[in-house]
*Asks:* 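Next up is a structure, given as structure tokens.
Just so you know, these numbers use all the heavy atoms, side chains as well, and skip hydrogens, waters and symmetry mates. In what follows, chains are A, B, ... by sequence order, proteins preceding strands, each numbered from 1.
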There are 4 protein chains.
Amino acid sequence: MRDGLQGASISAICAEAGISPGHLYHYFNSKDEIVEAMAEGYLEYVREHFAKMAACGSVVSAIDAEFQRAMERSNSGSHGLLFDMIAEAGRSEKVAATLERNTRAICQLLVELIRKGQRNGEIRADLDPAIVATAIIGVIDAIKMVARRDRKVDLRAVIAMIGAMIKRFIVAE
Amino acid sequence: MRDGLQGASISAICAEAGISPGHLYHYFNSKDEIVEAMAEGYLEYVREHFAKMAACGSVVSAIDAEFQRAMERSNSGSHGLLFDMIAEAGRSEKVAATLERNTRAICQLLVELIRKGQRNGEIRADLDPAIVATAIIGVIDAIKMVARRDRKVDLRAVIAMIGAMIKRFIVAE
Amino acid sequence: MRDGLQGASISAICAEAGISPGHLYHYFNSKDEIVEAMAEGYLEYVREHFAKMAACGSVVSAIDAEFQRAMERSNSGSHGLLFDMIAEAGRSEKVAATLERNTRAICQLLVELIRKGQRNGEIRADLDPAIVATAIIGVIDAIKMVARRDRKVDLRAVIAMIGAMIKRFIVAE
Amino acid sequence: MRDGLQGASISAICAEAGISPGHLYHYFNSKDEIVEAMAEGYLEYVREHFAKMAACGSVVSAIDAEFQRAMERSNSGSHGLLFDMIAEAGRSEKVAATLERNTRAICQLLVELIRKGQRNGEIRADLDPAIVATAIIGVIDAIKMVARRDRKVDLRAVIAMIGAMIKRFIVAE
DNA sequence: GATGAATGAGATTTCATTCAT
DNA sequence: TATGAATGAAATCTCATTCAT
């Protein structure tokens, strides 16, 4: 995470892990496999976290929680792995596929949450759940990007506005 | 753009440019300078394009135009440079600074457009122009990320929804 | 035999043998010892085979039998170990010594056969048995090399000619 | 030649050549290309040498000259490249093809020499020139192998005998 | 302005060997 | 006997950079 997906050298990884290069290849057959595993691991974590978030609540509260999390993490220069993957996806079919698989899994979780909201009248019934879900994921990413584009931005205010924007749009009157 | 900001080797760049490595160093003092110049060049282009867009119109039409452009470009696997820069900004202070400078310039253009809209009653007057501008930039990025996260997504529908969301929020009644 | 004397890695050998590297070192102290043992084993086999051949017959029939064998084996890309050893002998004193020891043993068998032939008038009496034996071994090797140098050669015809050549020279009139 | 075709490490080659590893790859794209070039170079040299030998003389004198050369070189542990190639040809299709191409070229030179000998009555007319040529090449190799198999052998006597054997067979009465 | 030979550090990967269990 | 995790040196190869011309 410090040096980027491809930026980390084998010897740096070994130093960090406290093992020898020879032994690293006992676990992975190539550096690419490590990159893949990191990508997969990161996304798995994101998905699980999101599942937990979604388990106990509504779309609206899930969004709020994710926004909160995106903001807290943005200071520590985190999200690096995500941006590396987005960038790498443009070159590596494998990373692209991994990213895609995961995006759809998260999207599906959101879709179900939205459907539930529509059934109990919380969410406007005339919206396509899949499109709303995709838009929400995009907007959560957008928060992270805003934080990267300008590190001094008033992220709290931006999040508040974007949150209000989404809620005004999707919440049924 | 083919190999990524750091992924391009000097010799590959030289082959593409049709010059010798020795001569390349006549123009640039290091590979980092090339990366910087590419970043600067790209962002300069984006800024100019945005300025033109903004010159003749309202916030609403500028957003629509940018959305349109984001969608058209998404198919060709473009935006690569942008994502490389976002990723690189996490590691290189220089790239981060370049990105920041440019983001603010674009933001400023948007702020002026928004202020104009507020003066003539098109945009809600109670919104902070800087925050709105930042949010809009973030949302434009979000469109690009959505296209990368899932290459088979119905981008047109997502854009339509996000566009509607923004307009419902910022347009004065 | 698949990868060459030195070309086989310890782990490949272990995989083939179905044992662990740790256990391999229970039997051998180093890879060189394995190479040596393979060389020794192969040459032992060759020597025994030759002894059997020589036991029941004359020089002439022994040569014919060896030529036949060289030809049959040449198709299957065999003789690999022999050529590896000849090549390795140029670098490893141990392999060179092993090869030498064995060559002399085979040579001795042939010498006795030749002497017997000379006693019963089959072989010209004016020939030095040691030189004839060495030449015969060389010529048997030559057949194998011919097959390697050109895989499409008419080996049967070459063998017939070389056989005739030897017989015309050593058989007493 | 000291360490064998594959046995020579890149850094050893660089040390010997007095250049840096980086620069070595300016001339060759891979170690395999170096091996190939060495093989090709060696065989080219052999072929040229043989052509010269053949240019001015008869088959018989060419054979004598080659035998002489094989003997002189055998002391210096030379012929290493040849044996490496023969061994490697069993594993590398490329080396096998290179060896084959060259063997045929040398064979062709010999065939012409033999035909000339047959025309002027020096060589028996009932022999197939191609087979004789192949057998002669094999026998020249045999001399080299004999010298490797037993470094203390009386090579001069063996050569004398094999030479006599060939001449008695191919020379017309 | 322009070349391209040359460098040398560093990248990934392999492999013979050891050792605690 | 037997395992297999672990090592670390060395192998091949890449690449940003320099410099004489």
*Asks:* If you compare all heavy atoms of D:Glu40 against all heavy atoms of D:Arg101, which two are closest, and at what distance to 0.1 Å?
*Replies:* OE2-NH1, 2.9 Å

*Asks:* Tell me which of A:Pro21 and C:Gln6 sits closer to the 5' end of DNA chain E, going by the nucleotide each one is nearest to.
*Replies:* A:Pro21

*Asks:* Please find the pair of heavy atoms, one from B:Ala96 and one from B:Ala89, that lie closest to each other, and give the distance.
*Replies:* CB-O, 3.5 Å

*Asks:* For the residue pair A:Tyr42 and A:Tyr45, categorise the inter-ring angle as parallel (less than 30°), tilted (30 to 60°) or perpendicular (more than 60°).
*Replies:* tilted

*Asks:* Touch check for C:Ile19, heavy atoms < 4.0 angstrom, all strands: base, sugar-phosphate only, or nothing?
*Replies:* sugar-phosphate

*Asks:* Work out which heavy atom in B:Asp84 is nearest to a heavy atom in A:Ala87; give both atom names and the distance.
*Replies:* OD1-CB, 3.5 Å

*Asks:* Kindly point out which of E:dT12, F:dT14, E:dA16 is positioned nearest to the side chain of A:Tyr25?
*Replies:* E:dT12

*Asks:* Can you find a pair of side-chain heavy atoms, one from D:Met145 and one from D:Phe83, that are under 4.5 Å apart?
*Replies:* yes

*Asks:* Taking Watson-Crick and G-U wobble pairs with both distances under 3.5 Å, convert DNA chain F into its dot-bracket string, 5' to 3', dots for unpaired and | for cross-strand pairs.
*Replies:* .||||||||||||||||||||

*Asks:* Is there a donor-acceptor pair closer than 3.5 Å between any side-chain N or O of C:Thr103 and the backbone N or O of C:Leu99?
*Replies:* yes

*Asks:* Just by distance, do the side chain of D:Lys31 and the backbone of D:Gln6 share a donor-acceptor pair under 3.5 Å?
*Replies:* yes

*Asks:* To the nearest angstrom, how far is B:Phe28 atom CZ from E:dG1 atom P?
*Replies:* 12 Å

*Asks:* D:Ser9 has a side chain; which of F:dA2, F:dA11, E:dT14 sits nearest to it?
*Replies:* F:dA11

*Asks:* Between C:Ala105 and C:Arg47, what is the shortest heavy-atom contact and its length?
*Replies:* CB-CD, 3.3 Å

*Asks:* Could you tell me the separation between the NE2 atom of B:His26 and the P atom of F:dT17, rounded to a whole number of Å?
*Replies:* 17 Å

*Asks:* Looking only at heavy atoms, which two atoms of A:Ile13 and A:Ile34 are closest? And how far apart?
*Replies:* CD1-CG2, 4.4 Å

*Asks:* Specify the separation, in whole Å, of atom CD1 of A:Ile34 and atom P of E:dT12.
*Replies:* 9 Å

*Asks:* Of the residues in residues 10-18 of chain C, which ones touch DNA chain F at a heavy-atom distance under 4.0 Å?
*Replies:* none

*Asks:* At under 4.0 Å between heavy atoms, what does D:Tyr27 touch on the DNA or RNA strands: base, sugar-phosphate, or nothing?
*Replies:* sugar-phosphate

*Asks:* Over how many whole Å does the gap from D:Glu33 atom CD to F:dT12 atom P extend?
*Replies:* 15 Å

*Asks:* Nearest nucleotide by nearest heavy atom, which residue falls closer to the 5' end of DNA chain E, A:Lys31 or C:Gly7?
*Replies:* A:Lys31

*Asks:* Take the protein atom CG of D:Leu24 and the nucleotide atom P of F:dT14, then report the distance between them rounded to whole Å.
*Replies:* 12 Å

*Asks:* Would you say E:dG1 has OP1 or OP2 under 4.0 Å from some side-chain N or O of B:His23?
*Replies:* no

*Asks:* Give the nucleotide from the list F:dA2, F:dT7, E:dT7 with an atom nearest to the side chain of D:Ser20.
*Replies:* E:dT7

*Asks:* Where each residue is assigned the nucleotide of DNA chain F containing its nearest heavy atom, which of D:Ala8 and D:Gly22 is assigned the position nearer the 5′ end?
*Replies:* D:Ala8

